[in-house]
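Worksheet: one structure, shown below.
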Amino acid sequence: APPPVEAVATEVAEPLQAAVIEEVSATSLITLANQDVPASAVTKPGDVPRDEYGRPFRYEGLGDPLPEFKGTLLNGSPFTTSDLLGQWTVIDVWGLWCPDCIVDGPYVAALNAALAQDPDVNFLAIHTPPSAARLDDAYGRYASIEAYFDEKGYNYPTLVDADASIKSVLKLRWWPTILVIAPDGTVQGFRTELAPAGGEPVKDFLRDIAELRGDWNTAQSAISQTP
């Protein structure tokens, strides 16, 4: 069973050090620098390489600006993608209709708690329905996102994609998918869910983010110094 939120959040509160990714996994952070696909990946015509569970090793939006979209947060506040500029943001795209998303819930809550300690990284969840044709199935067995949060004791910033328009522009191939957005609004990393990653999923992911930020900052500094 996933660990309690408090236990994981306490564990990941330790100082972070960059980690070296030894092998690309769909449940680890995939960046522009580590896109080698394992020989075990399965690729069907017209699709991206996937692991044995079906998780993708590719996201076509990697390296590109995050598509523009807007909506309303669960607390009623308006949101646009321009709100993300100037700061790193970790985005978890999920839905209550998705069993893997439910399993990932404690880890996502712990991730949000850990990132809340870092003033340079924001966290945002985006709840989407399965499709525009299945809006009535958006909340699974729950009456609402609020009902789910109340039952589980979670509370983190959540953008509600009521009509599947955000789902459409993101063009994701798996739920849940986590995107890492740089201060310039580009997608610099993605991964699938945390729960099956093994080891210490939240702590390891935070190390991956720290390494990605360092590499990106170094590259931006080099660009700024180019004549």
Can you tell me how far OG1 of Thr89 sits from CG of Asn122, rounded to the nearest 0.5 angstrom?
-> 4.5 Å
Any donor-acceptor pair under 3.5 Å from Asn112 side chain to Ala116 backbone | no
Beyond-backbone contact of Gln35 with Leu62, side-chain heavy atoms, under 4.5 angstrom | yes
Quick one: pull up CG in Leu206 and CG in Asp118 and give me the separation to the nearest 0.5 Å.
-> 8.5 Å
Just checking, is any N or O donor in the side chain of Ser221 or Gln225 under 3.5 Å from an acceptor N or O on the other one?
-> yes
Work out which heavy atom in Leu29 is nearest to a heavy atom in Asn34; give both atom names and the distance.
-> O-ND2, 3.1 Å
Applying ring-ring contact (aromatic ring centres under 6.0 Å, His included), which residue pairs with at least one partner in residues 108-137 are found, sequence neighbours left out?
-> Trp94-His127, Phe123-Tyr156, His127-Tyr139
Got a donor-acceptor contact below 3.5 angstrom from the Asp47 side chain to the Lys44 backbone?
-> no
Looking at side-chain heavy atoms only, is the closest gap between Asp161 and Asp163 below 4.5 Å?
-> yes
Spell out, as yes or no, whether a donor-acceptor pair under 3.5 Å connects the side chain of Asn217 to the backbone of Arg213.
-> yes
Give the intermediate values and the outcome of side chain to side chain contact (heavy atoms under 4.5 Å, CB included) for residues Ile102 and Leu96.
-> CA-CA 7 Å; Ile102 300 298; Leu96 285 169; 3.6 Å; yes
Would you confirm whether Lys167, through its side chain, and Pro130, through its main-chain N or O, come within 3.5 Å as a donor-acceptor pair?
-> yes
If you round to the nearest 0.5 Å, how far is CD1 of Ile178 from CZ of Phe190?
-> 11.5 Å
Can you check whether Phe57 and Trp174 have ring centres sitting under 6.0 Å from each other?
-> no
Give me the ring orientation class for Trp175 and Trp97: parallel if the planes are under 30° apart, tilted from 30 to 60°, perpendicular past 60°.
-> tilted
Which pair of heavy atoms, one from Lys70 and one from Ile166, lies closest together, and at what distance?
-> O-CD1, 4.0 Å
Got more than 12 heavy atoms from elsewhere within 6.0 Å of CG, Asn155?
-> no
Any pair with a residue in residues 197-227 that passes ring-ring contact (aromatic ring centres under 6.0 Å, His included), sequence neighbours left out, goes on the list, sorted by first then second residue, please.
-> Trp88-Trp216
Nearest heavy-atom pair of Asp92 and Pro176: which atoms, and what distance?
-> OD1-CB, 3.9 Å
Do Leu115 and Val90 pass the side chain to side chain contact (heavy atoms under 4.5 Å, CB included) test, and can you show the C-alpha distance, the side-chain angles, and the key distance before you say yes or no?
-> CA-CA 9 Å; Leu115 291 176; Val90 175; 3.8 Å; yes
Would Tyr142 and Asp150 count as having a side-chain donor-acceptor pair, cut-off 3.5 Å?
-> no
CG (Leu66) and CG (Leu170) are apart, to the nearest 0.5 Å, by 6.0 Å
Would a 4.5 Å heavy-atom cut-off, applied to side chains only, mark Leu74 and Phe149 as touching?
-> yes
Has the side chain of Asn75 got a donor or acceptor atom that lies under 3.5 Å from a matching backbone atom of Thr158?
-> no
If you take all heavy atoms of Leu135 and Ala162, which pair is closest and at what distance?
-> CD2-O, 3.5 Å
Can you check whether Ala26's main-chain N or O pairs, donor with acceptor, with Thr192's side chain at less than 3.5 Å?
-> yes
Could you check if a side-chain atom of Thr43 sits within less than 4.5 angstrom of a side-chain atom of Arg50, using non-hydrogen atoms only?
-> no
Side-chain contact, heavy-atom cut-off 4.5 Å: Tyr59 with Leu172?
-> yes
Student check: side-chain heavy atoms of Val160 and Leu73 closer than 4.5 Å = no
Are Asp137 and Arg134 close enough for a salt bridge, meaning some N to O gap below 4.0 Å?
-> yes
Minimal heavy-atom distance between Pro129 and Ala138, with the atoms involved, is CB-CB, 3.8 Å
Would you check if Arg173 and Arg55 make a side-chain contact, meaning some heavy-atom pair closer than 4.5 Å?
-> no
If you look at every heavy atom in Pro56 and Val48, which pair is closest and at what distance?
-> CB-CG2, 3.8 Å
Can you establish whether the number of heavy atoms outside Asp120 located under 6.0 Å from its atom CG is more than 12?
-> yes
Just by distance, do the side chain of Asp104 and the backbone of Leu194 share a donor-acceptor pair under 3.5 Å?
-> yes
Has the side chain of Glu193 got a donor or acceptor atom that lies under 3.5 Å from a matching backbone atom of Tyr107?
-> no
Under 3.5 Å donor-acceptor pairs involving side-chain atoms of residues 180-189, not counting sequence neighbours:
{"from": "Asp184", "atom 1": "OD1", "to": "Thr186", "atom 2": "N", "distance (Å)": "3.1"}
{"from": "Asp184", "atom 1": "OD1", "to": "Thr186", "atom 2": "OG1", "distance (Å)": "2.7"}
{"from": "Thr186", "atom 1": "OG1", "to": "Gln188", "atom 2": "NE2", "distance (Å)": "2.9"}

Output, in order, the C-alpha distance, side-chain angles, deciding distance and verdict of side-chain hydrogen bond (donor to acceptor under 3.5 Å, both in side chains) for Thr218 and Asp215.
-> CA-CA 5 Å; Thr218 298; Asp215 291 346; 5.5 Å; no
Would you indicate whether Glu151, at its atom CD, is surrounded by more than 12 heavy atoms from other residues, nucleotides or ligands within a distance under 6.0 Å?
-> yes
Report the C-alpha separation of Arg191 and Asp208 in whole Å, then their side-chain angles, then the decisive distance to 0.1 Å, and conclude whether the salt bridge (Lys or Arg N to Asp or Glu O under 4.0 Å) test is met.
-> CA-CA 11 Å; Arg191 63 167 294 160; Asp208 291 344; 5.0 Å; no
Heavy atoms, side chains only, cut-off 4.5 Å: are Tyr154 and Pro106 in contact?
-> yes
Rounded to the nearest 0.5 Å, how far does OG1 of Thr81 lie from CD1 of Ile91?
-> 9.0 Å
